[in-house]
Amino acid sequence: MLEGKILSVANQKGGVGKTTTALSLGAALAKRGRRVLVLDLDPHASASVHLKVYQEQVTHSIMDVFGDRETEPSEIWRKVRMTPHGQAFDFVPSHTHMTDLETDLKMRQDKGMILKHMLAEVRHEYDYVMIDCPPHMGVLLINALVAADLVIIPIQTDFLAVHGLKLLFETFRTLNRILDQPIAYRVLATMFDARAGACRRVLNLLRKKMETKIFETVINMDTKFREASAQGAIISDLYPNSRGAHQYNLLANELESLW
Ligand SMILES: Nc1ncnc2c1ncn2[C@@H]1O[C@H](COP(=O)(O)OP(=O)(O)OP(=O)(O)O)[C@@H](O)[C@H]1O
Ligand SMILES: [Mg+2]
């Protein structure tokens, strides 16, 4: 049975384009016929709100995947998955109660492996599982890193953002000591402004430092992202001819050429 690739979109730094990447890339892959599941793992539920999926309206969420130990995994996945309006991918919404998991799971031995084990139940139904991660270190982010076949690290093209990568790489090093295989990752330069010299310098620095571990595709600054998210839409739905939509299509091409 062919297993779908698990892609975790992660960076402890906030506002770097994680949610935008998880949704825009997920939608780009789904539009070309790939079977895609997107998980919102951020208690802020930005991806859910972005898709107009509000927690008051759903009875199940990613919370069940972590917290329900009574129900069969297949039944849990049946209950938590939904298709957001107008989208071609499956989705599991988040819930603000996800913040409680940090304490709830404290004593659980396998607390970092829960998502990996749960995804083993459904990943064969998909070509890609995209995980939108929270912007802080904790049990949820660890679960996403451990489960991932590839961690996509969006990074804003500014000097402070590059510095922020250190923290994430330290976590990778710690996890790599106990994992069978080291965490595979690719950095994605986002919010790039070609007119700004500082942006160009950071991109050059990133390419030099990361060597092959950075996507060729760069996501430029595009105001259409904010406009789309404000309207609860993905950029390619509202502005299919925008540069942002085009660049996430290029990213989907590049990603598919990795395997
Ligand atoms: N390439 C871009 N150009 C311009 N604006 C962008 C771009 N990518 C994302 N944005 C906007 O920047 C804001 C932050 O993006 P996003 O929510 O994807 O970041 P995030 O890393 O998920 O944030 P958080 O850490 O809070 O979860 C959003 O308003 C989004 O619409
Ligand atoms: Mg986010």
K.L.:
Indicate, with yes or no, if Ile234 and Val53 share a hydrophobic cluster defined by side-chain heavy-atom contacts under 4.5 Å among Ile, Leu, Val, Met, Phe, Trp and Tyr.
P.N.:
yes
K.L.:
Keeping the roles fixed (side chain from Trp77, backbone from Val65), state whether a donor-acceptor pair exists under 3.5 Å.
P.N.:
no
K.L.:
Between Thr20 and Tyr248, is there a side-chain donor-acceptor contact under 3.5 Å, judged purely by atom types and distance?
P.N.:
no
K.L.:
Side chains of Trp259 and Leu150: does their closest heavy-atom pair fall under 4.5 Å?
P.N.:
yes
K.L.:
Do we see a donor-acceptor contact under 3.5 Å between the side chains of Gln55 and Thr96?
P.N.:
yes
K.L.:
What's the shortest heavy-atom distance between Lys13 and Lys18, and which atoms?
P.N.:
O-NZ, 2.7 Å
K.L.:
Check whether any side-chain N or O of Arg81 sits under 3.5 Å from a backbone N or O of Phe91 as a donor-acceptor pair, and report yes or no.
P.N.:
no
K.L.:
Does the side chain of Asp42 come under 3.5 Å of the side chain of Ser94 through a donor N or O and an acceptor N or O?
P.N.:
no
K.L.:
NE2 of His44: more than 12 outside heavy atoms within 6.0 angstrom?
P.N.:
no
K.L.:
Hey, is the main chain of Thr217 close enough, under 3.5 Å, to the side chain of Glu254 for a donor-acceptor pair?
P.N.:
yes
K.L.:
Which atom names give the shortest non-hydrogen contact between Gly15 and Met191, and what distance separates them?
P.N.:
O-CE, 3.4 Å
K.L.:
With a 3.5 Å distance limit and no angle check, can you tell me whether Arg35 reaches the backbone of Glu125 through a side-chain donor-acceptor pair?
P.N.:
yes
K.L.:
Would you say Leu115 and Val129 are hydrophobically clustered, going by side-chain heavy atoms of ILVMFWY under 4.5 Å?
P.N.:
yes
K.L.:
Side-chain contact, heavy-atom cut-off 4.5 Å: Thr157 with Cys199?
P.N.:
yes
K.L.:
Taking the six-membered ring of Tyr239, is NZ or CZ of Lys224 closer than 6.0 Å to its centre and within 45° of its axis?
P.N.:
yes
K.L.:
What do you reckon, is CD of Gln57 surrounded by more than 12 foreign heavy atoms closer than 6.0 Å?
P.N.:
yes
K.L.:
Are Leu175 and Ile183 close enough that some pair of their side-chain heavy atoms sits under 4.5 Å apart?
P.N.:
yes
K.L.:
For residues His124 and Glu121, report the shortest heavy-atom separation together with the two atoms involved.
P.N.:
CE1-O, 3.1 Å
K.L.:
Using the rule that two of Ile, Leu, Val, Met, Phe, Trp, Tyr join whenever any of their side-chain heavy atoms come within less than 4.5 Å, decide whether Leu167 and Phe159 are in one cluster.
P.N.:
no
K.L.:
Please answer whether the main-chain N or O of Thr19 pairs with a side-chain N or O of His50 as donor and acceptor at a distance below 3.5 Å.
P.N.:
no
K.L.:
Before giving the answer on side chain to side chain contact (heavy atoms under 4.5 Å, CB included), spell out for Val218 and Gln247 the whole-Å C-alpha distance, their side-chain angles and the decisive distance to 0.1 Å.
P.N.:
CA-CA 7 Å; Val218 171; Gln247 288 175 327; 5.6 Å; no
K.L.:
Are Tyr185 and Phe169 near enough that their ring centres are under 6.0 Å apart?
P.N.:
yes
K.L.:
Using atom types as modelled and distance alone, determine if a side-chain donor or acceptor of Asp222 lies under 3.5 Å from a backbone N or O of Phe225.
P.N.:
no
K.L.:
Report the residue from Ile62, Asp132, Val92 that forms a side-chain contact (heavy atoms from CB on, under 4.5 Å) with Leu41.
P.N.:
Ile62
K.L.:
Without swapping roles, check the side chain of Asp90 against the backbone of Thr83 for a donor-acceptor pair under 3.5 Å.
P.N.:
no
K.L.:
Specify the closest pair of heavy atoms between Val151 and Ala10, including all atoms of both residues, with the distance to one decimal.
P.N.:
CG1-CB, 4.0 Å
K.L.:
By the definition side-chain contact (heavy atoms from CB on, under 4.5 Å), identify the one residue from Ile76, Leu105, Val139, Asp104 that meets it with Phe66.
P.N.:
Leu105
K.L.:
With a 4.5 Å cut-off on side-chain heavy atoms, are Asp127 and Val36 touching?
P.N.:
no
K.L.:
Counting C-beta onward and ignoring hydrogens, is there a side-chain heavy-atom pair between Leu205 and Arg201 closer than 4.5 Å?
P.N.:
no
K.L.:
Might you point out which heavy atoms bring Val9 and Pro154 nearest each other, and give the distance in Å?
P.N.:
CG1-CG, 3.6 Å
K.L.:
Test side chain to side chain contact (heavy atoms under 4.5 Å, CB included) on Leu37 and Tyr128; report intermediate values, then the result.
P.N.:
CA-CA 6 Å; Leu37 170 66; Tyr128 297 99; over 6 Å; no
K.L.:
Does Tyr54 reach the side chain of Val49, with side-chain heavy atoms less than 4.5 Å apart?
P.N.:
yes
K.L.:
Does any donor atom in the side chain of Asp237 or Gln87 lie under 3.5 Å from an acceptor atom in the other side chain?
P.N.:
yes
K.L.:
If we ignore hydrogens and angles and just use 3.5 Å, is the side chain of Ser242 paired with the main-chain N or O of Ser236 as donor and acceptor?
P.N.:
no
K.L.:
Let's go through Asn241 and His246 carefully: what are the C-alpha distance in whole Å and the side-chain angles of both, what is the deciding distance for side chain to side chain contact (heavy atoms under 4.5 Å, CB included) to 0.1 Å, and is it a yes or a no?
P.N.:
CA-CA 7 Å; Asn241 298 319; His246 175 62; over 6 Å; no
K.L.:
With distance as the sole test, does Asp149 use its side chain to make a donor-acceptor pair with the main-chain N or O of Ile6 at under 3.5 Å?
P.N.:
yes
K.L.:
Say whether, by atom type as modelled, one donor and one acceptor occur between the side chain of Arg34 and the main chain of Leu29 under 3.5 angstrom.
P.N.:
no
K.L.:
Please give me the minimum heavy-atom distance between Met210 and Leu165, naming the atom from each residue.
P.N.:
CE-CD1, 3.7 Å
K.L.:
Is there side-chain contact between Arg108 and Ile114, with at least one heavy-atom pair below 4.5 Å?
P.N.:
yes
K.L.:
Would a hydrophobic clustering, with Ile, Leu, Val, Met, Phe, Trp and Tyr connected at side-chain separations under 4.5 Å, put Phe215 with Phe172?
P.N.:
no
K.L.:
Would you call Glu227 and Leu238 a side-chain contact if the rule is heavy atoms closer than 4.5 Å?
P.N.:
no
K.L.:
Picking from Ile152, Asn11, Ile155, what satisfies side-chain contact (heavy atoms from CB on, under 4.5 Å) with Val187?
P.N.:
Ile155
